[in-house]
Number of protein chains: 2
Amino acid sequence: MSRDELTKIILPEDKIPKFWYNVQADMPHPLEPGLHPQTHQPLTPSDLEPIFARELILQEVSSERFIEIPREIRELYKQYRPSPLFRARQLEAALQSNCRIYYKYEGVSPVGSHKLNSALPQVYFNKVQGIKRISTETGAGQWGTALALACKHFGLEAMIYMVKVSFYQKPYRRSIMELYGGRCIPSPSNLTESGRQVLARDPETPGSLAIAISEAVEDAVTRDDTNYSLGSVLNHVCLHQSIIGQEVKMQMELVDDYPDIIIGCCGGGSNFAGIAFPFIPDKLAGKNIRLVAVEPAACPTLTQGVYAYDYGDVAGFTPLMKMYTLGHDFIPSGIHAGGLRYHGESPLVSRLYHDKLIEAVAVKQNPTFEAAMLFAQTESIVPAPESAHAIRVAIDEALKAKEEGVSRTIVFNLSGHGHLDLFSYDKYLSGETEDVEFSDAELKESLRNLPQI
Amino acid sequence: MSRDELTKIILPEDKIPKFWYNVQADMPHPLEPGLHPQTHQPLTPSDLEPIFARELILQEVSSERFIEIPREIRELYKQYRPSPLFRARQLEAALQSNCRIYYKYEGVSPVGSHKLNSALPQVYFNKVQGIKRISTETGAGQWGTALALACKHFGLEAMIYMVKVSFYQKPYRRSIMELYGGRCIPSPSNLTESGRQVLARDPETPGSLAIAISEAVEDAVTRDDTNYSLGSVLNHVCLHQSIIGQEVKMQMELVDDYPDIIIGCCGGGSNFAGIAFPFIPDKLAGKNIRLVAVEPAACPTLTQGVYAYDYGDVAGFTPLMKMYTLGHDFIPSGIHAGGLRYHGESPLVSRLYHDKLIEAVAVKQNPTFEAAMLFAQTESIVPAPESAHAIRVAIDEALKAKEEGVSRTIVFNLSGHGHLDLFSYDKYLSGETEDVEFSDAELKESLRNLPQI
């Protein structure tokens with residue numbers, strides 16, 4: 001069919017990528033090394049072995065362009081991949097747009113988001129190594145759900161620390177994690193020393209990803225049978241998500257089209273990386289393509305943070321990573337896009353942003369929900385509040401093109417559906433969501449605690 | 001690919017059926033006519049015109065084998081159709097089954113169930129006729145959600161009476177209907193005379209589909225701008241759902257297989273009809289295929305009801321239909337599969353059951369949730385409690401085949417996902433779901449009020 005007939009662009013199962021794409025092979029400037037949290041010396045693989053599977057550590061530092069996806073993982077990917085690329089015909093019509101707007105829909109995953117793409121290999125490589133239990137953190141609950149399911153598939157236990165504000169905003173996230181056999185508790189908790197310390201300082205804290213990470217890392221460090229797993233930020237997570245963008249490239253070819261703009265929401269960076277990184281070689285080869293990361297105005301890591309070494313967690317358990325950061329003890333306001341409430345940023349995304357190969361933009365909560373509503377009422381799918389950030393900017397870009405009288409091909413990652421986020425839509429519909437202004441004073445305060453490297 | 005390699009069997013968009021299949025063309029015995037609720041005389045089309053679009057009335061009584069699907073509807077079907085047929089490899093492995101088990105997954109619809117298949121044409125034909133507003137009832141909320149979205153697509157208002165017990169079991173169903181621009185209130189309500197009468201008799205009633213139907217019909221009868229819409233039971237609804245089974249036939253051909261058993265859960269009957277009816281011609285031509293409708297033991301219409309003329313609603317507003325019924329004022333216990341809590345049954349399903357072309361089986365709530373959990377933990381998808389009834393019987397059939405040492409091809413309709421039903425799973429996981437025994441005494445009582453025809 002021609003590009004002007006199809007609504008969904010579907011690939012057959014045998015087109016599921018056989019390799020993950022590793023952007024480290026193509027970066028103009030390599031990453032600066034992670035540093036040991038105490039000694040500040042460059043990390044060695046053995047520093048990471050107490051909490052990560054060896055294969056994942058190798059992926060973390062690999063500069064191979066393509067890394068083979070194990071057969072066992074590809075079999076499980078078949079349950080929902082290749083995911084469809086949709087042409088947003090109804091949205092285009094509502095905007096009276098002259099652009100072609102497409103979205104890659106990762107919500108077809110049984111957990112409702114892209115997170116399963118990395119949960120499956122992470123648990124698999126841990127299982128191969130004999131690990132029995134995985135601890136992790138989750139923001140909005142999408143990562144925790146994916147990890148619980150992946151653990152169920154491979155017969156491991158899952159222990160999930162969920163950011164407190166999201167735990168209560170999305171009560172059924174705990175239910176679905178338990179249904180998949182996982183255990184989920186609100187963070188900060190009394191189960192860990194780092195959780196107890198935060199609670200002692202502020203018993204009413206909404207929690208943050210940085211706090212939950214401290215708890216999950218502490219859990220893994222203090223138990224022999226347990227490894228830690230992270231749902232974003234790290235190189236190997238971005239690697240696993242690269243199947244998204246690889247599929248998009250094949251799908252665009254099928255309809256004889258090519259993106260002018262790729263858009264993804266950006267918290268830790270993995271879903272943005274997933275759709276954008278496979279286009280980096282094209283960009284380096286001179287293609288005129290923009291890669292746009294969208295973050296919440298309440299947590300504007302790329303657009304207002306600094307590029308510096310910082311911890312990934314509040315307690316300083318993680319290695320120091322060179323990244324854009326708002327400071328590891330910055331606690332973002334309790335916006336509904338809980339998956340984007342992270343002070344830091346993937347070092348890969350950070351480096352590429354620093355090198356101006358990608359762009360970033362921050363959007364406020366209410367205009368983002370407004371875009372989500374327009375999308376749901378035209379394209380029918382209720383988007384996750386995180387994914388709605390990408391929709392907001394896709395709409396803005398389409399409107400800009402209309403003003404300029406040009407047509408562009410806009411592609412965004414609809415990383416998940418919002419059927420478990422209806423509480424948040426309820427609040428928006430009843431006028432109870434605030435556009436919290438980001439506070440420079442608060443930023444100054446949290447940047448004061450950056451480690452001196 | 002051969003049938004032993006694929007996990008998902010996908011059809012291209014141009015294979016969306018161009019015609020609905022009408023089983024009335026092939027039934028060995030035609031339906032007995034609907035009767036006017038007051039005069040008990042056979043219905044004329046003009047009796048129905050005050051609440052139904054003319055095109056839908058024509059479909060209701062048509063004996064044409066194929067009825068063309070309007071282009072506008074096929075365009076909207078493209079957003080989620082053809083839906084995938086999955087091979088349940090992980091479930092087969094967990095059961096150590098020698099059967100091939102497949103499921104047709106209607107949860108890929110943006111509303112999460114098959115209900116959109118009929119909501120779109122129903123609203124479309126009303127719009128063509130100039131109707132501005134649709135009233136309807138909903139049990140678990142799946143139909144109401146679909147109707148709200150369809151009304152949004154075509155610019156009509158949606159007014160949805162939701163069975164009270166489900167309204168409170170599934171609080172976010174109201175949210176998603178409102179997000180799509182619909183209005184949803186718990187039934188019985190004070191907005192209608194029929195609602196007020198039920199509340200006067202029993203202010204604590206859990207409600208029922210039969211009560212909600214009375215309210216929605218009364219709403220439509222008393223307003224000129226409003227028509228009524230029903231999400232199951234009627235011939236035209238079963239007609240619209242026939243695209244499910246038509247796609248299944250093509251998908252089975254693609255992998256060179258053919259079902260020995262087709263299974264669907266059955267409340268009003270439309271999703272069972274959707275998957276099963278397109279196989280009726282094969283069965284009549286001598287194919288050895290079993291078509292099995294699964295109902296809840298708490299509301300066993302086919303297996304314990306009588307085949308008689310009865311009203312579709314509690315107040316006696318609807319025409320009298322010859323169908324299996326537990327009595328129009330039977331109020332089923334508040335099981336979590338709210339979509340199956342209906343005293344009556346599609347007249348088409350009823351006639352075919354009476355003529356022994358289809359079978360029926362009733363299953364209890366806890367074994368059904370047990371099957372749902374096994375399915376979620378193997379096939380990854382969390383099923384709607386209604387759809388779980390089909391899973392229960394699919395598993396039972398696979399186990400029976402194992403005992404008998406034979407291999408069978410089992411196909412069931414996974415009519416929706418359960419991401420909005422996690423409250424119900426919570427109750428099951430905490431041991432709070434009961435297997436209410438169906439009461440013969442209660443049945444005797446409600447059958448006493450059957451109209452004397």
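- Neither the backbone nor the side chain of A:S109 comes within less than 4.5 Å of any heavy atom of chain B.
- Contact annotation for B:I176: both backbone and side-chain heavy atoms come within less than 4.5 Å of a heavy atom of chain A.
- Note: A:F423 and B:Y172 have perpendicular aromatic rings, judged against thresholds of 30 and 60 degrees for the angle between ring planes.
- Of all non-hydrogen atoms in A:A376 and B:L179, the two that sit nearest each other are CB-CD2, 3.5 Å.
- Heavy atoms of A:V108 lying under 4.5 Å from chain B are absent altogether.
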Start with the C-alpha gap between A:K78 and B:R89, add the side-chain angles, then the distance that decides, and say whether side-chain contact (heavy atoms from CB on, under 4.5 Å) holds. CA-CA 11 Å; A:K78 284 186 184 175; B:R89 294 189 184 284; over 6 Å; no

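- Residues of residues 139-153 of chain B having a heavy atom under 4.5 Å from any heavy atom of chain A, listed by number: B:L149, B:K152, B:H153.
- Side chain of B:E13 to main chain of A:I9: no donor-acceptor pair is present (N/O by atom type, distance under 3.5 Å, no hydrogens or angles).
- Taking the side chain as every heavy atom from C-beta outward, B:Q90 and A:L76 approach each other to under 4.5 Å.
- For the set A:E75, A:R81, A:E178, the count of heavy-atom pairs under 4.5 angstrom toward chain B peaks at A:R81.
- Expressed to the nearest 0.5 Å, how far NE2 of A:H419 lies from CG of B:L422 amounts to 12.0 Å.
- Formation of a donor-acceptor pair under 3.5 Å by the A:K8 side chain with backbone atoms of B:P12 is not found in this model.
- Atoms CZ and OG1, on A:R74 and B:T7 in that order, are 11.0 Å from each other to the nearest 0.5 Å.
- Proximity to chain B is limited to the side chain of A:Y425, based on heavy atoms less than 4.5 angstrom apart.
- Of all the listed residues (B:E379, B:H417, B:Q377), the one sharing the greatest number of non-hydrogen pairs under 4.5 Å with chain A is B:Q377.
- Each of B:G418, B:S380, B:S175, B:P110 has some count of heavy-atom pairs under 4.5 Å with chain A, and the biggest count is that of B:S380.
- At a 4.5 Å heavy-atom cutoff, the contact between A:I10 and chain B is made by side-chain atoms alone.
- Sparse packing is recorded around CD of B:Q96, with 12 or fewer heavy atoms of other residues, nucleotides or ligands lying under 6.0 Å away.
- Using a 4.5 Å cut-off between heavy atoms, B:R173 makes no contact with chain A at all.
- Residue contact with chain B, scored on non-hydrogen atoms closer than 4.5 Å, involves the backbone and the side chain of A:I381 alike.
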